[in-house]
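Each residue takes its place number in the sequence, starting with 1.
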Amino acid sequence: MDARSWEEAGRMSGWAAYDAKKRELVGGLSGTVLELGAGKGANFGMLGKGVDWIGLEPHAASRRTLGTTAAAWAARTGGSYRVLDTEAEQIPLPSASVDAVLSTVVLCSVHDLGGVLTEVRRVLRPGGRFVFFEHVGAARGSWVRRLQGLIRPITRTFDKGCDPTRQTDDAIHATGFTTVTLDRYTLPGLVPIPYIAGTAHL
């Protein structure tokens with residue numbers, strides 16, 4: 001076995017378990033935290049106090065709202081914030097400059113998944129961690145995977161480039177993190193889409 005250690009918990013179901021894991025992992029972040037595709041700031045309510053937060057958001061309308069939300073969060077918690085107009089394929093930060101990177105349902109729509117994950121590793125300090133919450137492609141041959149393949153052209157065009165068949169879990173494992181620990185969730189609904197939540201350590 002090589003230096004990497006991969007651990008996966010059993011399959012879980014339900015929004016409550018997924019949300020509890022999200023609050024646990026996001027709430028445990030500290031120091032300088034880089035959030036990819038921060039949107040309008042939905043994760044601020046989970047972050048702890050005193051975090052030095054940096055958010056990437058290329059979408060102009062979302063970025064305007066994000067700046068206002070980030071300022072209110074910083075005033076309330078004593079943290080600091082920077083909002084950057086950029087995509088995650090080329091993060092405009094020095095190497096080894098952040099303690100954690102956060103991604104929540106973003107990696108399905110980036111242009112170059114491998115390039116983004118390489119950038120995540122680059123900007124993390126030694127011992128840093130990548131915390132992720134993403135939907136992934138269902139098991140190959142399953143009816144959910146076939147459905148994901150059918151709707152893929154629609155979501156790629158009309159949902160910010162989302163690829164529902166993307167195997168983000170495999171890509172994270174292949175990036176060269178020292179340890180990857182993740183849980184798998186099947187969230188209820190008309191289509192039981194699989195999600196992953198976990199941490200990759202540098």
Side-chain angles (χ1 to χ4, degrees), residues 1-39 42-48 51 53-56 88-89 91 96 98-110 112-140 142 144-145 148 162-189 192-202:
M1 184 174 180
D2 63 17
R4 292 172 293 182
S5 173
W6 299 348
E7 301 176 7
E8 295 193 18
R11 187 172 298 275
M12 303 180 186
S13 297
W15 283 105
Y18 178 80
D19 186 63
K21 176 59 70 172
K22 187 174 182 181
R23 291 184 178 279
E24 172 194 343
L25 294 183
V26 176
L29 298 177
S30 60
T32 302
V33 177
L34 170 66
E35 183 171 356
L36 309 180
N43 292 322
F44 283 125
M46 302 179 198
L47 287 169
V51 168
W53 180 88
I54 305 168
L56 306 185
E89 281 83 358
I91 299 173
V98 304
D99 298 294
V101 177
L102 172 62
S103 170
T104 58
V105 197
V106 170
L107 299 181
C108 60
S109 59
V110 297
D112 178 5
L113 178 56
V116 170
L117 293 173
T118 298
E119 280 289 89
V120 167
R121 284 196 64 206
R122 181 185 67 79
V123 300
L124 279 171
R125 293 178 176 133
R129 53 182 166 160
F130 173 41
V131 172
F132 51 87
F133 303 86
E134 300 287 341
H135 67 78
V136 296
R140 291 177 174 84
S142 67
V144 175
R145 180 59 175 255
Q148 288 176 317
C162 172
D163 181 356
T165 68
R166 185 167 284 178
Q167 296 297 152
T168 300
D169 45 352
D170 292 343
I172 292 171
H173 281 319
T175 300
F177 290 100
T178 301
T179 305
V180 178
T181 304
L182 63 82
D183 296 326
R184 296 183 180 274
Y185 298 83
T186 300
L187 301 183
I193 301 298
Y195 279 71
I196 57 172
T199 304
H201 288 274
L202 192 60

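Rounding to the nearest 0.5 Å places CG of Leu29 at 11.0 Å from CG of Leu34. Atom CG of Leu182 is separated from atom CD1 of Ile196 by 5.5 Å, given to the nearest 0.5 angstrom. Annotation: the span from Thr118 atom OG1 to Arg122 atom CZ amounts to 10.5 Å, rounded to 0.5 Å. The distance from atom CH2 of Trp53 to atom CZ of Phe44, rounded to the nearest 0.5 Å, is 3.5 Å. Distance check: Leu102 CG to Asn43 CG gives 5.5 Å after rounding to the nearest 0.5 Å. With rounding to the nearest 0.5 angstrom, the NZ atom of Lys22 is 12.0 Å from the OH atom of Tyr185.
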Check your understanding: Between Val131 and Val33, is a side-chain contact (heavy atoms from CB on, under 4.5 Å) present by the stated rule, with each step listed?
Key -> CA-CA 10 Å; Val131 172; Val33 177; over 6 Å; no
Practice item. Apply side-chain contact (heavy atoms from CB on, under 4.5 Å) to Phe177 and Val120, showing your working. Key: CA-CA 10 Å; Phe177 290 100; Val120 167; 4.2 Å; yes
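No side-chain heavy atom of Thr181 sits less than 4.5 Å from a side-chain heavy atom of His201. Side-chain contact between Val105 and His135: present, with at least one pair of heavy atoms (C-beta onward) separated by less than 4.5 Å. Using a 4.5 Å heavy-atom cutoff, the side chains of Arg129 and Leu124 are not in contact. Annotation: side chain of Val180 is not in contact with side chain of Asp169 (no heavy-atom distance under 4.5 Å). Taking the side chain as every heavy atom from C-beta outward, Ile193 and Leu187 never approach each other to under 4.5 Å. Residues Val26 and Leu47 meet the side-chain proximity criterion, which asks for heavy atoms closer than 4.5 Å.
The main-chain N or O of Leu107 is found under 3.5 Å from a side-chain atom of Arg166 such that the two form a donor-acceptor pair. Proximity of a side-chain donor or acceptor of Gln148 to a complementary backbone N or O of Gly137 within less than 3.5 Å is not detected. Glu89 places no side-chain N or O within donor-acceptor distance of the main-chain N or O of Gly115, the cut-off being under 3.5 Å. Checked by atom type and distance alone, the side chain of Gln167 never pairs as donor or acceptor with a backbone atom of Val136 at under 3.5 Å. Distance alone, capped at 3.5 Å, places no donor-acceptor pair between the Glu134 side chain and the Thr168 backbone.
Smallest separation of non-hydrogen atoms from Gly55 and Ala38: CA-CB, 4.4 Å. The nearest pair of heavy atoms linking Pro192 to Thr186 is CB-CG2, 3.6 Å. Residue Ala200 comes nearest to Ile172 through the heavy atom pair CB-CG2, 4.2 Å, listed as atom of the first residue, atom of the second, then distance. Contact detail for Pro194 and Ala138: the closest heavy-atom pair is CG-CA, 3.7 Å. A pairwise comparison of heavy atoms in Ser30 and Asp99 identifies O-CB, 3.7 Å as the closest pair. Closest approach of Ala88 to Leu56, counting heavy atoms only: CA-CD1, 4.0 Å.
Between Phe130 and Phe132, the ring-plane angle classifies as tilted under the 30° and 60° cut-offs.
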